[in-house]
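What follows is a set of notes on a single structure, which appears directly below.
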2 protein chains.
Amino acid sequence: MYLRFVNDSKMAGRPKIFDEQEVVDKAVNVFWTKGYETASADELLEAMGIGKGSFYLAFKGGKKELYEKSLRQYSDRFNKQFLYDISVSDDPIQLIRNFFMALADDPKSKQMKGCYIGNALVQLSDGDADTKLIAAGLLSGMEDIFTSVIRKAQAQKKLKNKTKPEVLGKYLINLWNGVNVTRRSNPGDQYLREVLEMSLQVLN
Amino acid sequence: MYLRFVNDSKMAGRPKIFDEQEVVDKAVNVFWTKGYETASADELLEAMGIGKGSFYLAFKGGKKELYEKSLRQYSDRFNKQFLYDISVSDDPIQLIRNFFMALADDPKSKQMKGCYIGNALVQLSDGDADTKLIAAGLLSGMEDIFTSVIRKAQAQKKLKNKTKPEVLGKYLINLWNGVNVTRRSNPGDQYLREVLEMSLQVLN
DNA sequence: TATATTATGTACTAATCAGTACAAAAAGGA
DNA sequence: TCCTTTTTGTACTGATTAGTACATAATATA
């Protein structure tokens, strides 16, 4: 149990000129295009629109804390949207198929960026093992979503494939990881769509 | 047409105390565990066992040239071994299956390192677009090996699957890319082997 | 042995890095 | 208005970065 102070209008002292979620979002953009190591603090601060004083006061853990918060915030928002789309869909399995197929339609600029979370797993060195663990956990969360959709669809006889949901879930996160690397090397490849269609036949 | 001078015993001047291929190999180890950006020149030089004078004389392009050479050298050796194994195998398709399944048996330390070439594709920032292109080309070379094995096996009626060899080749390099990310997050996962078996059923 | 050539080790440089120190600014409350 | 609290901007620090300059070492040849 702890108290969390937020700077609402009742709080004394000079008011914050920024919203933490907003600046974290802006940091995501920088980290995503430049990578954790390559993104300099100055660069991040400029994109976030705040100075060093404000930054190191709000993010006592510095660049590392900012990055970890950005991973969690990105993942949380992604998952919430995904879970919502699933909840309102009358065919979640088809939704997942579309979700993957859409990867081939992204503009080249997005294809080159890969998965924000997967990048962390590959880009971080052993010195940042703890942050790597966070990324692994977040990807595992996405895998759990796949698994639960599959389990439900199987229970409702809406999916013929009888493979264990855990295995199909891992199959899908592995497909996700693969495509997000592969499409970097040759964005817009005519064959990638066929690969996706082939890979998704397990959902028929 | 150009002349390439090698420091054999007939050459004048102080003899090199190192073999270029050998020190590049040692650099591969450092780059692989630490990543391109995180591997410092000092660290690389210590692992390579040479001083700055020698290094910047032999590698005029500095760290970047060393990295690109390491990518090519690693890939060339990998492909040569792979092509040799294929050439002496009486069932290349089964060889590829075993090749992938072996990924699940690697020690954790190796699982965490991923694919040396794939890492480059994900770790390099836009500022190193040219090096990224090299990595993409090298992965494409591996894809070509898959494709040619499949084409030949189909022609010899040793592979039932009638999918275009180019698509199956890309499917396999995509599987390679995926597994090399996925296994980083949870090395030794019981389900990964089942995912691989499922993914490789296309080779039945 | 003298000379040309190539390689080596060390000292140095200039830039950049993440992070800190701290005075000034901007608010609320008395 | 003055005091307290919090945020902000700037100047600074010390470490580390990749890379360079250059004197010296070690060889082949004449």
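Chain A is the first sequence line, chain B the second, and so forth, proteins listed ahead of strands; every chain is numbered from 1.
A/Phe18 comes within 4.0 angstrom of the backbone, heavy atoms only, and of no base. Across all strands, B/Ile50 comes closer than 4.0 Å to no nucleic acid atom at all (heavy-atom distances).
The interatomic distance linking A/Phe55 (CZ) with C/dA18 (P) rounds to 10 Å, in whole Å. In this structure, CG of A/Asp19 is placed 12 Å from P of D/dT8, rounded to the nearest angstrom. C/dT8 atom P lies 8 Å from atom CG of B/Leu57, rounded to whole Å. In this entry the distance linking NZ of A/Lys60 with P of C/dA21 reads 13 Å, nearest Å. The CG-C1' distance, from A/Leu45 to C/dG19, rounds to 11 Å in whole Å. For A/Arg14 and C/dC22, the CZ to P distance is 19 Å, given to the nearest whole Å. What separates CG of A/Asp128 from C1' of C/dA18 is a distance of 13 Å, to the nearest Å. As rounded to whole Å, 12 Å separates atom P of D/dT7 from atom CZ of A/Phe59.
Looking at residues two or more places apart in sequence or on another chain, you find a side-chain contact (heavy atoms from CB on, under 4.5 Å) between A/Ser75 and A/Asn79, A/Ile117, A/Leu138. Residues that satisfy the ring pair (Phe, Tyr, Trp, His ring centres under 6.0 Å) test with B/Tyr171, not counting sequence neighbours, are absent from this structure. Taking the ring pair (Phe, Tyr, Trp, His ring centres under 6.0 Å) definition, one finds that B/Tyr56 meets it with nothing, sequence neighbours left out. Annotation: ring pair (Phe, Tyr, Trp, His ring centres under 6.0 Å) contacts of B/Phe99 (sequence neighbours excluded): B/Phe82, B/Trp176. Scanning for salt bridge (charged side-chain N to carboxylate O under 4.0 Å, His left out) contacts around B/Glu65 gives B/Lys69, with sequence neighbours left out.
For the pair A/Gly53 and A/Tyr36, both in contact range of DNA chain C, the more 5′-proximal nearest nucleotide belongs to A/Tyr36.
By the 4.5 Å heavy-atom criterion applied to side chains, B/Arg183 and B/Met112 are not counted as neighbours.
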Under 3.5 Å, N/O pairs linking protein and nucleotides 2-4 of chain D:
none

Can you give me every donor-acceptor pair (side chain of residues 39-49 of chain B, partner residue at least two apart or in another chain, under 3.5 Å) with its distance?
| residue | atom | partner | partner atom | Å |
| --- | --- | --- | --- | --- |
| B/Ser40 | OG | B/Glu43 | N | 3.1 |
| B/Glu43 | OE1 | B/Ser40 | N | 3.3 |
| B/Glu43 | OE2 | B/Lys34 | NZ | 3.2 |

Below 3.5 Å, can you tabulate the donor-acceptor pairs from side chains in residues 194-204 of chain A to any protein atom, sequence neighbours excluded?
| residue | atom | partner | partner atom | Å |
| --- | --- | --- | --- | --- |
| A/Glu194 | OE1 | B/Lys164 | NZ | 2.9 |
| A/Glu194 | OE2 | B/Lys164 | NZ | 3.1 |
| A/Ser199 | OG | A/Val195 | O | 2.8 |
| A/Asn204 | OD1 | A/Arg97 | NH1 | 2.8 |

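Candidate nucleotides D/dG19, C/dA26, C/dT8 were compared by shortest atom distance to the side chain of B/Tyr56, and D/dG19 ranks first.
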Where protein sits on nucleotides 11-17 of chain C, one letter per nucleotide: B base, S sugar-phosphate only, - none, heavy atoms under 4.0 Å: ------S
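For A/Lys64, the NZ atom counts as densely surrounded, since its 6.0 Å shell holds more than 12 non-hydrogen atoms of other residues, nucleotides or ligands.
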